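Beneath this line is the structure, given in structure tokens, with notes to follow.
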Amino acid sequence: MELPILKERDRIIQAVSDNPVIVVVGETGSGKTTQIPIFLYEAGFAESGVIGITEPRRVAATSTAKYVAGVIGSTPGDLVGYQVRFDDETTVGTALKFMTDGILLREFQIDSNLSRYSVVLIDEAHERSQNVDFILGLLKDLLKRRRDLKVVVASATIDEQKFSNFFNRAPVINVSGRMFPVEVVWGKEDVDEEMIVEVMADAIAEIHRSEPEGDILSFMTGEDQIRRVVESLERMKLTDLVLVPAHASLPWEEQQKIFASYPGKRKVIVATNIAETSITIDGIVYVVDSGFIKQMNFHPESGIQSLDVVLHSKSGCEQRRGRAGRTQPGKCFRLYAESDFRERPQFTEPEIKRISLAGVVLAMKDIGIDKVEEFEFVDPPSREAFHEAHETLIALGAIQRGSHGLTDIGKMMAGLPLEPRIARMIIEAEKHGCTKDVATIAAFLSGRQVFARPKGKEIQADRAHVALKNPASDALTFLRVWDKYEDSDFDNQWCYDNFLNARVLREVDDIRYQLFNILESYGFEPTESSDTAVIAKAVAMGLAYSLLEHRSRHSYGGVLRQIDDVFIHPGSAIFGLSNSRWIVASEVVRTTKTYARGCTEVKPEWLPDMAPQHFKRGEPVVARYLKGAESAVISKAVLDGYGHELGSSEESVPVAEAIAIQKARVRDAESKGLLKLTFHNEASGRYSFTASFVAEAGGKRYKASYHAKVEEGVPYYCKVVDTYLGQTTVEPVFQVFAFNNPAPSPGQPLSSVEELAQKRGASLGRQ
DNA sequence: AGGGTTTTTT
């Protein structure tokens, strides 16, 4: 059977020649992904530049590139190339470039005119990923500057009119697919979330008993529901049935079972939405749709995310239905009533409206778009979302309040393929000599879940994990896991024995090296620190906006944002172990409760740097000095908004500096009329085991307060707390140190990250 | 106190 799209060849070429933008609509199987690039190449569109094709997933980009290379008679990397993260198979001669949409976004950051390209094709635009929506907005803006650029938006038959209208009523070309009919069977009544597991299991059993052969694909919301459906079906002891769960956190071997064929048996795949878009399973004849989906949402007012079970949209349910009928006519059993379906929203809310915009706004500003609220999106995010993005970027120091452009820190952050908060940690790490450590942590934080807890082996897994966990920090835990992984010589068996996901660790390795390379281009030295507190502080600086303070029992609340009743996630290394008053979290996600994940304890002395509007450092005071030493220890109190002391930080300074600090304090004490007193110990009459410290000055006698700690023969500045029956009680305020070794060398200024930022800014000069 | 849909990035 000839691909239906071949009949449309001339129309498509003509439309692209005549219009800046066209929308091509066709179901999977229409061949649009592979054929349109070939048409455009054959029609000569590669003569004036590269034809770029974006895909939402790496496998799609690489496999279509390989297929098209074969058709054209090229090898991948030559005329037809592809680029995905960690894998660039393109050359100067590449005319057709397949890539993930993330790569095209990065190219916008390097050259906002996309000058190399003559045509850009955005595939799977209907998925409405964050990247696609951002790219479509950028392309609309770019078309004002580049009249010669051609844009093709390829989508399933979902919201083609929306795309067409967005690009000034661009022509829409429909390409029929090669779908077989899929009959819909409606449920009798609506089923709630509680009952859906039993209803699903019963429906699958019934199909198995009464329908002709053919595999079944069932859509549920998550791992737990999938497990319960599988268990329920196992209890029914049906014959000739193979049950295969399908979700992302499954180990690789388990995932392979999804694609295996089981001759003589009926395969039943119970899946999350992974089977709706990411993986395609051949030979599905029956789809059973619960009608529910788990969806991540973002709440800009609080900065928390929520993972919600919601009714799936009409277009999403249609997508599920389409998973049957790819090889023969199929049936789709919907476990909800037709009347319920009609009331559902037409489309799933695009991702750009359900995430923090901080990363998108950072990228926009890096590209040179200052008035971000005026940027044209297909579906514009809310004002609150833009406000949250701004506040987050201000808190991170990427932009300054009241100004449009990026700071030097912001420019460096934009160059790192990380979320803004995670990128900020690395900039902080540069100041404290731990870039390698924090880049490693960043790689873990930006990857998937490393700690595996296979079902039935939870206890063994937890036991293995305990040995790796740092009770104060998930970030430091990651560092420990990395060290041990290196010690094992990157051994898969070691990962398996310790219940760690080896694929994730290999990806962490790749991300690490990518980050190291970028940092090298910034002129950052690769540094490591043995001081875990320094590393943890860099992490905390990036996450400062999500600072949480202990409120009651196990719950925490936001300091800088309105968040209440946050609990440490049971999977966190600090769960059940921390009694820290402050913590930071890499994520706050509401599921059954609001959970903080990726937690690190915060020391009070970090607070003034993390949230200067809420916490201050007191004046420095001399805390300790050893006679003859070249340096002294000074301490600064950490104060909250009411001036209450929350803790203190200490640092070592040259004696000359300590002398200056003490002199200033003495001047202040004298101006306030404090008394300078030297005490001696006097055993008190009847109770010889208690001691009291007394001092005489100006013919008067003073007694140190009962709890005061004083040393004999050392002068203290004191304040009067009580006078009773002629006896004056005083409270020592500070000790006066006798410095006998004025040091000659003044303090050395610390290396400044701003200097390095300027260096990078200079070498970044945009063309 | 007790547990997360999915994808992607110079």
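Keep in mind the model is a prediction, meaning the values are calculated, not measured. Every chain is numbered from 1 and lettered A, B, ... according to where its sequence line falls, protein lines coming before strand lines.
At a threshold of 4.0 angstrom between heavy atoms, the contacts of A:S129 with the nucleic acid are absent. Counting any heavy atom pair closer than 4.0 Å across all strands shown, A:T592 reaches sugar-phosphate atoms only and no base atom. Nucleic acid contact class of A:E351 (heavy atoms, under 4.0 Å, all strands): none. At a threshold of 4.0 angstrom between heavy atoms, the contacts of A:N273 include nucleobase atoms, whether or not backbone atoms are also involved.
Contact check, A:S521 against B:dT10: no side-chain N or O comes under 4.0 Å of OP1 or OP2. A:T272 has a side-chain polar atom (N or O) that falls below the 4.0 Å cut-off from OP1 or OP2 of B:dT6. Between B:dT5 and A:Q295, no contact under 4.0 Å exists linking OP1 or OP2 to a side-chain N or O. Taking side-chain N and O atoms only, A:K593 has no distance below 4.0 Å to OP1 or OP2 of B:dA1. Phosphate proximity of B:dA1 to A:R553: present, with a side-chain N or O under 4.0 Å from OP1 or OP2. The phosphate of B:dT7 has neither OP1 nor OP2 within less than 4.0 Å of any side-chain N or O from A:T100.
Ring-plane geometry between A:F451 and A:F478 is classed as parallel, the angle between the planes falling under 30 degrees on a 0 to 90 degree scale with a further cut at 60. In this structure, A:F499 and A:H465 have perpendicular ring planes: the angle between them is above 60°, well past the 30° mark.
Applying the salt bridge (Lys or Arg N to Asp or Glu O under 4.0 Å) test to A:D289 and every residue at least two apart in sequence or in another chain returns A:R320. For A:R551, the salt bridge (Lys or Arg N to Asp or Glu O under 4.0 Å) criterion is met by A:D564, not counting sequence neighbours. With sequence neighbours left out, the side-chain hydrogen bond (donor to acceptor under 3.5 Å, both in side chains) criterion links A:E520 to no other residue. For the salt bridge (Lys or Arg N to Asp or Glu O under 4.0 Å) test, residues two or more places apart in sequence or in another chain that qualify with A:D133 are A:R128. Residues that satisfy the side-chain hydrogen bond (donor to acceptor under 3.5 Å, both in side chains) test with A:N273, not counting sequence neighbours, are absent from this structure.
Straight-line distance from the NE2 atom of A:H247 to the C1' atom of B:dG3: 14 Å, rounded to whole Å. Here the P atom of nucleotide B:dT6 and the CD atom of A:Q449 are 12 Å apart, to the nearest Å. In this structure, CE of A:M220 is placed 14 Å from P of B:dT6, rounded to the nearest angstrom. Summarising the geometry, the separation between CG on A:D111 and P on B:dT10 is reported as 15 Å, rounded to the nearest angstrom. Atom pair A:D87:CG and B:dT10:C1' shows a separation of 15 Å (rounding to whole Å applied). A straight line from CD of A:Q83 to P of B:dT9 spans 9 Å, rounded to a whole angstrom. Between A:R590 atom CZ and B:dG2 atom C1' the separation is 19 Å, expressed in whole Å. Between the CD1 atom of A:I367 and the P atom of B:dT9 there is a distance of 16 Å, given to the nearest Å.
Of the candidate nucleotides B:dT5, B:dG2, B:dT9, B:dT9 has the atom lying nearest to any side-chain atom of A:R106. For A:R57, counting side-chain heavy atoms from C-beta on, the closest listed nucleotide (B:dG3, B:dT5, B:dT8) is B:dT8. Here the side chain of A:R453 is nearest to one of B:dG3, B:dT8, B:dT7, namely B:dG3. If you check B:dT5, B:dT10, B:dT8 against the side chain of A:I103, the one that comes closest is B:dT10. Closest approach to the A:R85 side chain among B:dT9, B:dG3, B:dT8 is made by B:dT9 (side chain taken as heavy atoms from C-beta onward). Picking from B:dT6, B:dG3, B:dT9 the nucleotide with the shortest atom distance to the side chain of A:I274 gives B:dT6. For A:I568, taking side-chain heavy atoms from C-beta onward, the closest of the listed nucleotides B:dA1, B:dT10, B:dG3 is B:dA1. If you check B:dT9, B:dG3, B:dT7 against the side chain of A:P417, the one that comes closest is B:dT9.
The nearest heavy atom of DNA chain B to A:L104 and to A:L307 marks one nucleotide each, and the one closer to the 5' end goes with A:L307.
Here A:H554 and A:F567 keep their ring centres 6.0 angstrom or further from each other.
Heavy-atom distances under 4.0 Å link DNA chain B to A:F575, A:G576, A:E587 of residues 574-588 of chain A, given in residue order.
Checking side-chain atoms of A:D88 against main-chain N and O of A:Q83 turns up no donor-acceptor pair under 3.5 Å.
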